[in-house]
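Written out below as structure tokens is the structure these notes cover.
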Amino acid sequence: MASSTNNQLILVLFSFLLILKTSSSFGNHSSTDGILPFAPKHVVVVNKLTSQAKLIAHCTNKKKDLGVKELLPGSSFDFRFRVNLRKTTRYTCTFEWPGNKVTFDIFRVDRDDTPKSEFGVCRECIWYIYEPAPCRLDRDAGIPYCFDWNS
């Protein structure tokens with residue numbers, strides 16, 4: 001009986017790893033996005049300040065500091081990660097440009113990885129940083145969703 005249980009456990013583990021491996025291709029959208037833990041994400045931050053100022057970005061989560069990035073007008077930086085098992089992953093960024101310092105949650109599970117969210121699930125979360133608001137581009141619909149700054 002123990003051998004049968006071990007075989008079932010191995011089969012379940014293998015199936016989970018197979019799903020995880022096949023969902024890691026950023027080019028294909030999967031119906032499992034926003035449902036399974038460890039969903040792969042790619043965040044892109046683009047300096048779209050209309051003042052043509054240099055944008056200083058510093059993004060962190062509870063365990064990782066992505067460092068300070070200096071973005072010239074039109075330039076970008078990106079990072080990749082997987083949503084954690086408890087689906088509490090959150091990245092917060094501080095953005096600075098002359099005369100301004102604001103913060104924004106550049107990735108939140110409840111907004112960016114929940115199928116029931118009005119903004120949909122993003123696998124590739126592309127953010128345009130403008131002075132009045134950060135806007136996430138929905139590549140599929142071609143619609144930008146703009147949000148208020150945290151502070």
Side-chain angles (χ1 to χ4, degrees), residues 12-151:
V12 168
L13 183 59
F14 179 76
S15 298
F16 178 74
L17 291 174
L18 182 63
I19 290 169
L20 191 61
K21 174 69 177 154
T22 57
S23 70
S24 68
S25 169
F26 285 99
N28 299 324
H29 292 278
S30 168
S31 62
T32 60
D33 286 347
I35 297 171
L36 291 179
F38 311 120
K41 300 296 174 186
H42 181 207
V43 172
V44 180
V45 177
V46 183
N47 177 355
K48 290 288 193 173
L49 298 175
T50 57
S51 64
Q52 297 296 302
K54 178 170 53 172
L55 179 67
I56 308 297
H58 184 204
C59 301
T60 61
N61 75 5
K62 287 182 180 179
K63 296 181 180 182
K64 192 167 189 174
D65 185 333
L66 300 176
V68 176
K69 310 293 184 194
E70 294 187 11
L71 303 175
L72 296 174
S75 65
S76 65
F77 84 96
D78 69 304
F79 58 99
R80 295 174 190 264
F81 61 95
R82 289 185 180 272
V83 173
N84 66 17
L85 181 62
R86 294 186 350 234
K87 293 187 72 73
T88 58
T89 303
R90 178 184 303 244
Y91 278 87
T92 301
C93 299
T94 300
F95 296 104
E96 294 182 63
W97 62 92
N100 294 280
K101 184 174 183 177
V102 294
T103 60
F104 182 69
D105 293 328
I106 208 77
F107 182 85
R108 284 188 354 221
V109 169
D110 65 316
R111 181 192 63 215
D112 303 312
D113 195 47
T114 303
K116 293 181 181 179
S117 165
E118 68 179 286
F119 310 108
V121 172
C122 68
R123 174 175 264 180
E124 185 174 41
C125 309
I126 302 168
W127 288 94
Y128 289 164
I129 306 303
Y130 297 101
E131 288 90 341
C135 299
R136 192 182 93 192
L137 180 66
D138 182 341
R139 279 198 173 180
D140 296 329
I143 302 169
Y145 298 109
C146 297
F147 302 87
D148 292 331
W149 296 109
N150 293 2
S151 63

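Atom set for the values below is all heavy atoms of this structure, side chains included, hydrogens, waters and symmetry mates excluded.
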Value rounded to 0.5 Å, distance of CG in Asn150 from CD1 in Ile106 = 9.5 Å
request  = Name the orientation class of the two ring planes belonging to Phe81 and Phe79 (parallel below 30°, tilted from 30 to 60°, perpendicular beyond 60°).
outcome  = parallel
query = Sub-3.5 Å donor-acceptor pair from the side chain of Glu131 to the main-chain atoms of Thr50, do we have one?
reply = yes
request  = Quick one: pull up CZ in Arg136 and CD in Glu124 and give me the separation to the nearest 0.5 Å.
outcome  = 11.5 Å
ask   = When rounded to the nearest 0.5 angstrom, what distance separates CD1 in Ile126 from SG in Cys135?
value = 13.0 Å
Report, one line per pair, each donor and acceptor closer than 3.5 Å where one atom sits in a side chain of residues 97-104; sequence neighbours left out.
residue	atom	partner	partner atom	Å
Asn100	ND2	Pro98	O	3.3
Thr103	OG1	Ser151	OG	2.9

key: Partners meeting side chain to side chain donor-acceptor pair (under 3.5 Å) with Thr88 (sequence neighbours left out)   = Asn84
request  = Determine yes or no for a side-chain-to-main-chain donor-acceptor pair under 3.5 angstrom, with Asn47 supplying the side chain and Glu70 the backbone.
outcome  = no
ask   = For Arg108, which residues count as a side chain to side chain contact (heavy atoms under 4.5 Å, CB included) partner, sequence neighbours excluded?
value = Arg90, Asp105, Asp110, Arg111, Asp112
request  = Starting at CG of Leu72, measure out to NZ of Lys54 and round the result to the nearest 0.5 Å.
outcome  = 7.0 Å
task = List the steps and the verdict of side chain to side chain contact (heavy atoms under 4.5 Å, CB included) for Asp113 and Phe107.
result = CA-CA 9 Å; Asp113 195 47; Phe107 182 85; 3.8 Å; yes
inquiry  = For a side chain to side chain contact (heavy atoms under 4.5 Å, CB included) check, start with the C-alpha distance between Cys59 and Phe77, then their side-chain angles and the critical distance, and finish with the verdict.
reply    = CA-CA 11 Å; Cys59 301; Phe77 84 96; 3.7 Å; yes
CD on Glu96 to CG on Leu55, rounded to 0.5 Å = 9.0 Å
request  = Tell me, yes or no, whether the heavy-atom count around Asp65 atom CG, taken from other residues, nucleotides or ligands under 6.0 Å, exceeds 12.
outcome  = yes
inquiry  = As an exercise, state the distance from CG of Leu137 to CD1 of Ile143, rounded to the nearest 0.5 Å.
reply    = 9.5 Å
remark   = What one should report as the nearest heavy-atom pair of Val46 and Ser76 is CG2-CB, 3.9 Å
ask   = Does Lys41 reach the main-chain N or O of Cys122 with its side chain, forming a donor-acceptor pair under 3.5 Å?
value = yes
inquiry  = Give me the atom names and distance for the closest heavy-atom approach of Phe95 to Trp149.
reply    = CD1-CZ3, 3.6 Å
request  = Take the angle between the ring planes of Phe147 and Phe119 and call it parallel below 30°, perpendicular above 60°, tilted in between.
outcome  = perpendicular
